[in-house]
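Single-structure report; data block below.
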Amino acid sequence: MGVGRARISASILDSDLSNLAYAVRRVEKAGADRVHLDVMDGHFVPNLTFGAKTIKALRPRTELPFDAHLMISEPSRFIEEFLDAGCDSITLHVEIEEPLEPTLKRIREAGRAAGLAVKPGTPLSDLEPYAELLDIVMVMTVEPGFGGQSFMADVARSKLASARRWLDPGGASEVQVDGGGKVETAEAIGRGGTDVIVAGSALYRADDMAAEVERIRSIAAAARAASLVG
Ligand code: DX5
Ligand code: ZN
């Protein structure tokens, strides 16, 4: 676990969807480290958002890395499009029914970071068969499907510190937290040694987005440093 700072990946799910280009520029200007792209198919989750074509259109609008979070049942059908759209990392859900290994391998083969997300009710041990293929473990601290939900502190407590076990030590090795990331939850997230914090609605609710990004980051970093010295 690097001792560096926790990175902020800004979700644009709760931004003004009529102006996504402005949304990605805004989070870049606010100092976010990445853009988190919530792709929902209305099947794996009860919501429908955007796909690879929208991501491809947004790609030239910012230098920030794109983290795609695929809440879709059949990523294998669309993986070439998401790679072509310029995603830097692609995270699938371990709960889907289709085989995961070929798609994770394809993502890595294309030189991108491959990840698996786990819903709150899913044990981390479900990641075991894929551990050697994982650059990213994304711990969901809300039920996937919507922004603005309450953070599940018990899930963070029970999963964050041990999530690293399921990562390929030779890979990008990132533990990400998704759901309810904000100033009030940053300490609990940081204490778990998290590398990347996804923040969505909290950024768009803030009067000053840049100050919010920095506060989340510094609170998490302090908690992480404190957890290292025990
Ligand atoms: C929920 C998404 C999250 C969400 C985060 O299914 O995966 O990325 O947009 O938004 P907040 O930070 O508002 O929980
Ligand atoms: Zn997400």
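As the structure lists them, so they are numbered: ligands from 1, and atoms in each ligand from 1. Residue numbers run from 1 in the order of the sequence given.
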Show me a pair-per-line table, with atom names and distances to 0.1 Å, of protein N or O atoms that are under 3.5 Å from an N or O of ligand 1.
from	atom 1	to	atom 2	distance (Å)
ligand 1	6 (O)	Gly145	N	2.7
ligand 1	7 (O)	Asp38	OD1	3.0
ligand 1	7 (O)	His69	ND1	3.1
ligand 1	7 (O)	Asp178	OD2	2.8
ligand 1	8 (O)	His36	NE2	3.2
ligand 1	8 (O)	Asp38	OD1	3.0
ligand 1	8 (O)	Asp38	OD2	2.9
ligand 1	8 (O)	Asp178	OD1	2.7
ligand 1	8 (O)	Asp178	OD2	3.0
ligand 1	9 (O)	Ser11	OG	3.1
ligand 1	9 (O)	Asp38	OD2	2.9
ligand 1	12 (O)	Gly200	N	2.9
ligand 1	13 (O)	Gly148	N	2.8
ligand 1	13 (O)	Ser201	N	3.0
ligand 1	13 (O)	Ser201	OG	2.5
ligand 1	14 (O)	Gly180	N	2.8

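Crowding of Arg106 atom CZ: a count of heavy atoms from other residues, nucleotides or ligands under 6.0 Å exceeding 12.
Looking only at side-chain heavy atoms (C-beta outward), Met152 and Lys159 stay at 4.5 Å or farther from each other. Under the 4.5 Å side-chain criterion, counting only non-hydrogen atoms from C-beta, Leu70 is not in contact with Ile96.
Checked by atom type and distance alone, the side chain of Arg26 never pairs as donor or acceptor with a backbone atom of Ser15 at under 3.5 Å. Side-chain N or O atoms of Thr185 include none that pairs as donor or acceptor with a backbone N or O of Phe151 at under 3.5 Å.
No salt bridge links Asp84 with Arg59; every basic N to acidic carboxylate O contact stays at or beyond 4.0 Å.
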What pairs of donor and acceptor atoms, side-chain ones from residues 115-129 against any protein atom, are under 3.5 angstrom apart with sequence neighbours left out?
from	atom 1	to	atom 2	distance (Å)
Thr122	OG1	Glu95	OE2	2.7

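Arg7 is linked by a side chain to side chain contact (heavy atoms under 4.5 Å, CB included) to Asp33, Arg34, Glu174, Asp195, Val196, counting only residues two or more places apart in sequence or in another chain.
For the Zn ion (ligand 2), protein N, O or S atoms closer than 2.8 Å were enumerated as His36 NE2, Asp38 OD1, His69 ND1, Asp178 OD2, with waters left out.
Using a 3.5 Å distance cut-off with no hydrogens or angles, the side chains of Asp38 and His36 do pair a donor with an acceptor.
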